[in-house]
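Sharing a structure here in C-alpha cells format.
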Amino acid sequence: QVQLVESGGGLVQAGGSLRLSCAMSERTFPTYTMGWFRQAPGKEREFVATIGWSTDRSYYADSLEGRFAISRDNAKKSVYLQMNSLKPEDTAVYYCAATNSILSITTIKEYRSYDYWGQGTQVTVSS
C-alpha cells in the first residue's frame with residue numbers, strides 16, 4: 001500500500017514562507033506523478049501544483065505560479081512545495097497526492113486523477 005506522509009505545515013504571518021514535504025513509501029517513487037492540492041473550510045479541494053517523473057514537467061495553478069514552487073528528490077522519495085509571499089487566503093489543509101497513471105495536461109490538475117493521498121498538513125497564514 002502506497003503511503004504518503006506530509007510535514008512542514010504550521011502558522012506563519014502574511015508575507016512569510018513555508019516548505020512542505022511529502023515522503024512516499026514506494027521504491028518506485030520516480031515513476032509517480034506527484035501533486036499538491038489544498039482545501040479550505042467550506043471549499044472544494046483545489047489544485048496547487050504537480051510534477052511528473054521528469055522535473056521538467058511541472059504545472060501550477062495560474063494564481064499561484066511565481067509564489068509557489070514544486071520540486072522532487074527521487075533519491076529521497078520525496079516531493080516538496082516551497083511557498084513564498086504567503087497570504088491569508090492560502091490558509092488551508094494541504095494534501096500530497098500521487099498517481100502512476102498517464103495523465104493529460106488537463107487531467108493532471110484534477111484531484112480525481114490521483115490514486116493516493118496523504119493525511120494533509122494544516123497551513124495557516126495570519127494577517
Side-chain angles (χ1 to χ4, degrees):
Q1 181 69 19
V2 174
Q3 291 185 332
L4 300 172
V5 179
E6 300 106 332
S7 61
L11 174 64
V12 64
Q13 288 188 335
S17 297
L18 281 176
R19 187 188 191 219
L20 305 183
S21 300
C22 172
M24 177 186 272
S25 58
E26 290 291 299
R27 291 183 301 167
T28 53
F29 172 81
T31 66
Y32 283 81
T33 292
M34 303 298 297
W36 287 98
F37 291 78
R38 68 185 184 184
Q39 188 165 19
K43 295 188 177 181
E44 292 187 354
R45 191 166 299 191
E46 66 171 345
F47 169 74
V48 173
T50 186
I51 186 166
W53 64 269
S54 167
T55 56
D56 291 336
R57 187 173 178 247
S58 59
Y59 302 95
Y60 296 89
D62 291 343
S63 61
L64 300 177
E65 191 164 11
R67 294 196 297 124
F68 288 17
I70 190 171
S71 61
R72 66 189 297 159
D73 185 333
N74 287 339
K76 294 184 178 179
K77 298 184 291 181
S78 294
V79 62
Y80 308 98
L81 184 69
Q82 179 67 42
M83 305 185 294
N84 300 323
S85 302
L86 284 162
K87 305 175 182 180
E89 51 264 43
D90 294 318
T91 295
V93 177
Y94 283 71
Y95 296 91
C96 174
T99 181
N100 56 7
S101 299
I102 298 175
L103 303 177
S104 70
I105 193 171
T106 299
T107 57
I108 203 170
K109 300 179 182 180
E110 297 174 359
Y111 73 85
R112 296 178 181 84
S113 299
Y114 293 78
D115 303 304
Y116 307 102
W117 292 83
Q119 80 287 354
T121 185
Q122 177 70 47
V123 171
T124 302
V125 184
S126 63
S127 57

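Note that the coordinates shown come from a computational prediction; the quantities given were computed from them, not determined experimentally.
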Does the Thr91 side chain pair with the main chain of Val125, one donor and one acceptor, at a distance under 3.5 Å? yes
Looking only at heavy atoms, the pair that brings Phe47 and Phe37 closest together is CA-CD2, 3.4 Å
Would you check if Asp90 and Met83 make a side-chain contact, meaning some heavy-atom pair closer than 4.5 Å? no
Okay, side chain of Ser127, backbone of Pro88: is any donor-acceptor separation there less than 3.5 Å? no
One should read off an interatomic distance between Gln82 CD and Ser21 OG, to the nearest 0.5 angstrom, of 9.5 Å
At their closest point, which heavy atom of Val79 faces which heavy atom of Cys96, and how far apart are they? CG1-SG, 3.8 Å
Non-hydrogen side-chain atoms of Leu81 and Arg38 separated by less than 4.5 Å: no
With distance as the sole test, does Glu6 use its side chain to make a donor-acceptor pair with the main-chain N or O of Gly120 at under 3.5 Å? yes
Give me the ring orientation class for Tyr94 and Phe68: parallel if the planes are under 30° apart, tilted from 30 to 60°, perpendicular past 60°. tilted
To the nearest 0.5 Å, what is the distance between CG (Leu103) and NZ (Lys109)? 12.5 Å
If we check side-chain contact (heavy atoms from CB on, under 4.5 Å) with Val48, which of these qualifies: Trp36, Tyr95, Tyr60? Trp36
Rounded to the nearest 0.5 angstrom, the OG-CD distance for Ser63 and Glu65 is 10.0 Å
Is it the case that the side chain of Ser85 and the backbone of Arg67 share a donor-acceptor pair, with hydrogens and angles ignored and the cut-off at 3.5 Å? no
Approximate separation, where rounding is to 0.5 Å, of Leu86 CG and Ser126 OG: 10.0 Å
Transitive ILVMFWY side-chain link Val12 to Leu64, under 4.5 Å: yes
From Tyr116 atom OH to Met24 atom CE, the distance as rounded to the nearest 0.5 Å: 8.0 Å
I'd like to check Ile70 versus Arg72 (side-chain heavy atoms, cut-off strictly below 4.5 Å). Are they in contact? no
Which atom pair, heavy atoms only, marks the closest approach of Ser101 to Asp115? OG-OD2, 3.8 Å
Side-chain heavy-atom pair Ile108, Arg57 within 4.5 angstrom cut-off: yes
Do Thr50 and Tyr114 make a side-chain contact, defined as non-hydrogen atoms from C-beta onward lying under 4.5 Å apart? yes
Would a single hydrophobic cluster contain both Trp117 and Val2, if residues Ile, Leu, Val, Met, Phe, Trp and Tyr are joined by side-chain heavy-atom contacts under 4.5 Å? no
Pairwise distance CZ(Phe29) to CG(Leu4) - rounded to 0.5 angstrom: 9.0 Å
Closest contact, heavy atoms only, Glu26 versus Lys77: O-CD, 3.0 Å
